[in-house]
Number of protein chains: 2
Amino acid sequence: MITLTGVTDSATAKGEQTRELILSTALRLFREQGYGKTTMRAIANEAGVSVGNAYYYYGSKDHLMQAYYDLLQDQHREVVEPILAAEKAFVPRLAGVLRAWLDVAAPYHEFAGTFFKTAADPRSPLSPFSDESRPARDASIDVFRRVIDGSDLKLPGDLKSELPELLWLLQMGVVLFWVHDRTDDVRRTRALVDRAVPLVDRLLRLTRIPGVRGVTNDVVALIRSIRT
Amino acid sequence: MITLTGVTDSATAKGEQTRELILSTALRLFREQGYGKTTMRAIANEAGVSVGNAYYYYGSKDHLMQAYYDLLQDQHREVVEPILAAEKAFVPRLAGVLRAWLDVAAPYHEFAGTFFKTAADPRSPLSPFSDESRPARDASIDVFRRVIDGSDLKLPGDLKSELPELLWLLQMGVVLFWVHDRTDDVRRTRALVDRAVPLVDRLLRLTRIPGVRGVTNDVVALIRSIRT
DNA sequence: GTCTATAACACGATAGAC
DNA sequence: GTCTATCGTGTTATAGAC
């Protein structure tokens, strides 16, 4: 790696390499034996580093989990690009994005419950609602903003501006379902996505009906006031 | 305690006493220092029993949490009785039941996040979605069935039969919000309940509109197929 | 700044004696 | 049913090497 000073920053490069080695080793062991049965000693051992070194790069075992989650999101954003480029209709765009997440996360389905466990603690920085995960959350919400903005969906402006966050919540629900899904290739979750997305589309189009509009406005107002 | 054999079952009685002593001590320490900082050693010590004895009654620290949750539900069902007896309209019935939960759970708000944490692990028997907690879940859902059945709410039968479970899910959402709520006396959560309940009522009444009915049926069908 | 080696600590959980 | 002793593991500490 070349820095601005013109000196090869091999130390940093090597550090980055070690960091990735530790993470990939941890993820492999998590996959093979589950999160609970993988010890920090085993991770360090398998990666050929000392326990102290593992802690030098990742403050705790949970941080390895968090790093995996960040990785997952990066991969999701990549995989989603061709879908958003190709599809124009709202339904296939949303369904494609949700299915893509299932594909990317598939290898880790077995132990993903553990992530959910640590993530559900509101005081944990790993919570999807925490300040610390705001960047990751915002990036994720942004994907849904693009799903909407690049689509044929016509909606009143105030609902449209809240929708990305609502779709992110929908995905959290899908993830919750996915975590509990023990069917082959998470067939039930895929069925849920396939059926729920057209329904969401129809529900959104319902907001054009005059009698529905009023309630919709109040729902949007409530959501707004909640977020503060 | 007198058993069917006519013999005083002092052993069992004493055991039950120990069990309750351990639980109440644990809950007190949880309240005073939080879940994380309360050790099993401290619980045993404070209760005047050995660590091994504590584990004899509660298989893990998480099980103490589960026992608390069961206690909470029992209390909730009690507190809710007068509300269901007095109110006939759907909105105050539902709002009353949700507010009552906030009141009952208030002393434990500080560490309740930890419950959510254990609850989110799908493989844990403590998950609210697990088979093991089905009795507790069913009892909880039943409260919402009574909220509906004793009210003036008029709904198509298939939606009405799914509604208790949906309202239970609504409460899970409220709990999620509550866990993250740091305002005094969880003011924001109370505001959420006060505003959301009338909205739920209005949304339910919307299902009478012809154009809405079709989508509603599909939503109900989807929920049905999910539960299997 | 990156890394090793090793020991020690705290705590959840368990084994086995009584 | 209850105890004491012990284990396994996340995490930290120390003391240094390159």
Side-chain angles (χ1 to χ4, degrees), chain A residues 1-5 7-23 25-26 29-30 33-68 111 114-115 117-118 121 124-126, chain B residues 1 3 7-23 25-26 29-30 33-68 111 114-115 117-118 121 123-126:
Chain A
M1 180 182 280
I2 309 297
T3 68
L4 289 174
T5 61
V7 179
T8 301
D9 195 351
S10 66
T12 304
K14 191 185 175 199
E16 213 46 46
Q17 210 172 351
T18 306
R19 170 181 234 105
E20 277 163 29
L21 173 65
I22 292 168
L23 178 59
T25 305
L29 291 180
F30 289 165
Q33 330 175 325
Y35 182 84
K37 284 181 182 162
T38 303
T39 67
M40 289 299 283
R41 287 166 179 83
I43 294 169
N45 209 29
E46 198 75 5
V49 301
S50 68
V51 179
N53 200 10
Y55 275 98
Y56 178 80
Y57 286 105
Y58 296 95
S60 75
K61 198 178 170 185
D62 282 355
H63 279 76
L64 284 163
M65 206 67 201
Q66 171 75 320
Y68 151 62
F111 77 93
T114 316
F115 170 71
K117 186 171 169 168
T118 67
D121 184 350
S124 161
L126 277 63
Chain B
M1 180 181 282
T3 67
V7 179
T8 302
D9 194 351
S10 65
T12 305
K14 192 183 173 198
E16 212 47 48
Q17 212 173 350
T18 308
R19 172 182 232 105
E20 278 163 28
L21 174 64
I22 292 167
L23 179 58
T25 305
L29 291 179
F30 288 166
Q33 331 176 327
Y35 182 85
K37 283 180 183 164
T38 304
T39 67
M40 288 301 282
R41 284 166 178 81
I43 294 169
N45 210 29
E46 197 77 3
V49 301
S50 69
V51 181
N53 201 8
Y55 275 99
Y56 176 79
Y57 286 105
Y58 297 95
S60 75
K61 198 178 169 186
D62 283 354
H63 279 76
L64 284 164
M65 203 70 202
Q66 171 75 330
Y68 150 62
F111 76 89
T114 316
F115 168 71
K117 187 172 167 167
T118 68
D121 185 349
R123 248 166 291 216
S124 162
L126 278 60

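Numbered from 1 within each chain, the chains take letters A, B, ... in sequence-line order.
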Please report the distance, rounded to the nearest Å, between [atom1] in [X] and [atom2] in [N].
X: A/Phe30; N: D/dT9; atom1: CZ; atom2: C1'; result: 13 Å
X: B/Leu64; N: C/dC11; atom1: CG; atom2: C1'; result: 15 Å
X: B/Leu29; N: C/dC11; atom1: CG; atom2: C1'; result: 15 Å
X: A/Tyr58; N: D/dT11; atom1: OH; atom2: C1'; result: 18 Å
X: B/Glu16; N: D/dT2; atom1: CD; atom2: P; result: 11 Å
X: A/Asn45; N: C/dT4; atom1: CG; atom2: P; result: 11 Å
X: A/Ile43; N: D/dT9; atom1: CD1; atom2: P; result: 12 Å
X: A/Gln17; N: C/dT2; atom1: CD; atom2: C1'; result: 13 Å

Counting heavy atoms from C-beta on, name the nucleotide in [options] closest to the side chain of [X].
X: B/Ser60; options: C/dA13, D/dT2, D/dT11; answer: C/dA13
X: B/Lys61; options: C/dA13, C/dC3, D/dC3; answer: C/dA13
X: B/Asn53; options: C/dC3, D/dT2, C/dT4; answer: D/dT2
X: B/Arg41; options: C/dA5, C/dT2, C/dA13; answer: C/dA13
X: B/Tyr57; options: D/dT6, D/dG1, D/dC3; answer: D/dG1

Q) Hey, does the Lys NZ or Arg CZ of B/Arg19 hover above the aromatic six-ring of B/Tyr58, less than 6.0 Å from the centre and inside 45° of the axis? A) yes
(Q) Testing the basics here: between B/Ile43 and B/Thr25, what is the closest heavy-atom pair and its distance to 0.1 Å? (A) O-CG2, 3.8 Å
Q. Do you know the tightest heavy-atom contact between A/Tyr68 and A/Leu23?
A. N-CD1, 4.3 Å
Phosphate OP1/OP2 of [N]: any [X] side-chain N/O under 4.0 Å:
X: B/Tyr55; N: C/dA13; answer: yes
X: B/Tyr56; N: D/dT2; answer: no
X: A/Thr18; N: C/dT2; answer: no

Q: Give the intermediate values and the outcome of side chain to side chain contact (heavy atoms under 4.5 Å, CB included) for residues B/Leu29 and B/Lys37.
A: CA-CA 9 Å; B/Leu29 291 179; B/Lys37 283 180 183 164; over 6 Å; no
Q: Name the residue closer to the 5' end of DNA chain D, choosing between A/Thr39 and B/Gly48 according to the nucleotide with the nearest heavy atom.
A: B/Gly48
Q) For the side chain of B/Lys61 and the backbone of B/Tyr35, is there at least one donor-acceptor N/O pair under 3.5 Å apart? A) yes
